[in-house]
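Here is the structure we will look at, set down as structure tokens.
The chains referred to below are lettered A, B, ... by the order of the sequence lines, with proteins before strands, and numbering in each begins at 1.
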There are 2 protein chains.
Amino acid sequence: MPLNERKRQILRAITNDYIDTAEPVGSRTIARRYGLGVSPATIRNEMADLEEDGYLQQPHTSAGRIPSDKGYRFYVDALMDPEELSVEEIRKIREALRAEHRQMEELVHGSARLLALLSQYTSIVVAPDLRFGAIRRLQLIPLDEWHVLLVLVVDPGFVQSRIVETLRPLQLHEIARMNHFFSQRLSGLMVADIGSSLVGEMRAEVNDEVLMTEALNLLARGLRDIKKENVFLDGTIHLFNQPEFRDINKVKVLLNVLDDEKMLWDLLSDAFISGIQVTIGRENQHEGFQDCSLVTASYEIDGQVVGKVGVIGPTRMDYERVVTIVECIAMNLSELLSDARRH
Amino acid sequence: MPLNERKRQILRAITNDYIDTAEPVGSRTIARRYGLGVSPATIRNEMADLEEDGYLQQPHTSAGRIPSDKGYRFYVDALMDPEELSVEEIRKIREALRAEHRQMEELVHGSARLLALLSQYTSIVVAPDLRFGAIRRLQLIPLDEWHVLLVLVVDPGFVQSRIVETLRPLQLHEIARMNHFFSQRLSGLMVADIGSSLVGEMRAEVNDEVLMTEALNLLARGLRDIKKENVFLDGTIHLFNQPEFRDINKVKVLLNVLDDEKMLWDLLSDAFISGIQVTIGRENQHEGFQDCSLVTASYEIDGQVVGKVGVIGPTRMDYERVVTIVECIAMNLSELLSDARRH
DNA sequence: GGTTAGCACTCACTTGATTGGAGTGCTAAC
DNA sequence: GTTAGCACTCCAATCAAGTGAGTGCTAACC
């Protein structure tokens, strides 16, 4: 049952209109507002077919039609006409992001803010997992007799630090030796790589067993709770502008999901596929998320997918606009991150 | 018009009941539920007086009474009986906070989470302004030819770092000299103190004019955008459990305020008075906040007020419980922060 | 055979009237 | 000063009728 051209036009018209107005769309409206050159009765016949095929549904008998999940899916895959951003808009996005391009955490965080602002939906950004980036610098800064600050810088400039208590008081020159050693042996590796094999190797290489034990101990404890799930959320407030969330209980369920970093995480991380992805309504398994859609794109550093940006909204989402914006931000983010690496 | 004992009892009963049920309280309810030994009619007379004096108000003629802002004020100041926390509960709070007592940012953030969890309202915590804490460490870490990481550690262990671009490529030994110099001259000062007088002094002291210029430049740019308003919010979701926010528009207004760090900031910072503070309804000037109350307490490091913790809820808030919890968390936070300083 | 006008029908939503109940204020008696 | 009794007010829930948007079906049209 491939859809003929007129059915496609009608499905497109209904979807666009519903996205716009949030009201079920009737045959008269279509005939009047979108000049298809046929009468409401004809449209009614086509609509009945589309409903039979599962693309449309009716909230109740005497109401207009709204797209089903399948309808949206077809719309997204085949019907919609993604909005083009003007050069000016693209420039603005670029500028806005570039403003904080030195501090990587803020760049990522800023992407979330910008995405929410532009899309007027809730945005979500997963920051790169620092355990899988190349260590640029790993250094201890002495604080006092019993404490050091472990500073980790991961390409292209993500910084994390932890205060670690030492097992015994350390002399400055001991810390210096550790630092020298770290910079010799760890630069370019990944945190995830600092496994037991390397540890053994390091131990063999340095003659000061005691010092090495202490060093590795510090490292282990300092790196143990490096944040691995780093999810930024922004623009939750936009949820409240959607008529589908006028019911406070729906919002509550949704916010409960959004509040839980872990849930968010497996909402997004299912596949770090490169490119743009749209998940519609029930395609999403997650409880309480079945009236929502998710538009995500991955971003990369030097061709390697490291994170995702996305937008959450009702299934009745302005896909044409959102897809474009998400794509644009992911691209810019990739560029800025890759650029930063090169300097 | 000092309230006699019976009037106080009635006001207290009405307030407690209303806090509990969110329904206007009638004379019969009071007579039945709180054994004052008088009939509803008598209570009605007293209620009429209390309304005349502004302690109570009536949503409409044929409804029960609810406390006015003035009523709540009197309740908070003179009537309520703050809940005692059990030793067990206090221990739990202490433990929960101690779990992250090394990383100060997380300690502060954790306080917000805990406060929201325990109070079941929205919590807010203002972190110390790093510009006014004693510098424990200020150090540059070389990243590459053109970039260094400026790491700032402020007592008792707040860490911030910024990547700064250098004006010219720096040699490692130059950075080492800068670091030596920083640690000699800046330890114990406040960021806010690094003003022009000190700069002049430093310049005079070191003979390498070029290097110093570079160093001060780095410092200036790195410290310029140290976060000064650092506000943590948690438990916004609890707002939705309050019947007064069943109307989506009220929530929207409120969330708009809470979303704006700056607004939050001047909501709290009006006075860094030590001790607990309760702001009720219209006592709060802030637009859209006039149906809310705010219970805050300041916390200290070594006797010096550095920040605030607080709870936001409807004026119909469970003051007896909230006051106790806020107080307890502020106290524990103070202790942990001061402790950390001592080690 | 596809298209369309016409028409009966469905169903949510609005409006207005009715009712029940919770609560009050007032008065008169205790 | 306290209380029982009573008339009164007003909200909230319920119901019936009317309205209007939209449909499906049929029969006529091109």
Side-chain angles (χ1 to χ4, degrees), chain A residues 1-11 13-15 17-18 20-68 71 243-244 246-247, chain B residues 1-11 13-15 17-18 20-68 71 243-244 246-247:
Chain A
M1 36 136 200
L3 301 186
N4 63 31
E5 182 53 24
R6 193 169 64 191
K7 281 203 172 58
R8 288 163 161 255
Q9 281 183 347
I10 290 175
L11 180 53
I14 290 177
T15 311
D17 203 82
Y18 185 60
D20 234 46
T21 64
E23 297 288 331
V25 190
S27 52
R28 251 177 69 90
T29 312
I30 298 295
R32 216 176 339 119
R33 217 171 305 183
Y34 306 80
L36 301 187
V38 290
S39 77
T42 308
I43 294 177
R44 274 207 291 284
N45 289 330
E46 298 285 45
M47 279 162 85
D49 290 354
L50 284 168
E51 181 169 2
E52 181 132 354
D53 290 349
Y55 294 100
L56 293 180
Q57 57 194 45
Q58 241 178 333
H60 55 85
T61 8
S62 69
R65 305 297 211 294
I66 65 177
S68 65
E244 25 272 282
R246 215 166 329 137
D247 176 15
Chain B
M1 36 131 203
L3 301 185
N4 63 32
E5 184 53 25
R6 195 168 63 192
K7 281 203 173 62
R8 287 163 160 255
Q9 281 183 349
I10 290 174
L11 181 53
I14 290 176
T15 310
D17 204 81
Y18 184 61
D20 233 44
T21 64
E23 297 288 332
V25 189
S27 51
R28 252 177 67 91
T29 313
I30 297 295
R32 217 177 337 119
R33 217 171 306 184
Y34 306 80
L36 301 189
V38 289
S39 76
T42 309
I43 293 178
R44 274 207 292 284
N45 289 329
E46 298 285 43
M47 280 161 85
D49 290 353
L50 283 169
E51 183 170 0
E52 180 132 357
D53 290 349
Y55 293 100
L56 295 178
Q57 57 194 47
Q58 241 179 331
H60 54 86
T61 8
S62 70
R65 305 298 212 291
I66 65 177
S68 65
E244 25 271 282
R246 215 166 329 137
D247 175 16

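One interatomic measurement links the two molecules: CG of B:Asn45 to P of D:dG1, which rounds to 11 Å at whole-angstrom precision. Per the geometry, CD belonging to B:Gln58 stands 13 Å off C1' belonging to D:dC11, to the nearest Å. If you measure from atom CD1 of A:Ile66 to atom C1' of D:dA21, you get 16 Å, rounded to the nearest angstrom. As rounded to whole Å, 14 Å separates atom C1' of D:dT2 from atom CG of B:Leu36.
Annotation: of the two residues near DNA chain D, A:Ala48 and B:Arg44, the 5′-most nearest-nucleotide partner is B:Arg44. Closest-nucleotide positions on DNA chain C for A:Ala41 and A:His60 were compared, and the one nearer the 5' end corresponds to A:Ala41.
Checking D:dC11 for Watson-Crick or G-U wobble geometry (two distances, each under 3.5 Å) identifies C:dG20 as its partner. C:dA28 and D:dT3 make up a base pair, with Watson-Crick or G-U wobble contacts both under 3.5 Å.
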Could you check B:Val38 against B:Arg6 for side chain to side chain contact (heavy atoms under 4.5 Å, CB included), going step by step and ending with a plain yes or no? CA-CA 10 Å; B:Val38 289; B:Arg6 195 168 63 192; 3.7 Å; yes
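Proximity of A:Arg65 to the phosphate of D:dA21: no side-chain N or O atom is located under 4.0 Å from OP1 or OP2. Regarding contacts with the backbone of D:dG22, every side-chain N or O of A:Ser62 stays at 4.0 angstrom or more from both OP1 and OP2.
Atoms CD1 and CD, on B:Ile66 and B:Glu51 in that order, are 10.0 Å from each other to the nearest 0.5 Å. Note that the CD1 atom of A:Ile43 and the NZ atom of A:Lys7 stand 12.5 Å from one another [nearest 0.5 Å].
Considering all non-hydrogen atoms of both residues, A:Leu56 and A:Met47 come closest at CD1-O, 4.1 Å.
Where DNA chain C meets chain A (any atom under 4.0 Å from a heavy atom), the bounding nucleotides read 5' to 3' are C:dT3 to C:dA12.
Listed for the A:Asp53 side chain is no donor-acceptor partner under 3.5 Å among the backbone atoms of A:Tyr55.
No side-chain heavy atom of B:Arg33 sits under 4.5 Å from any side-chain heavy atom of B:Val25.
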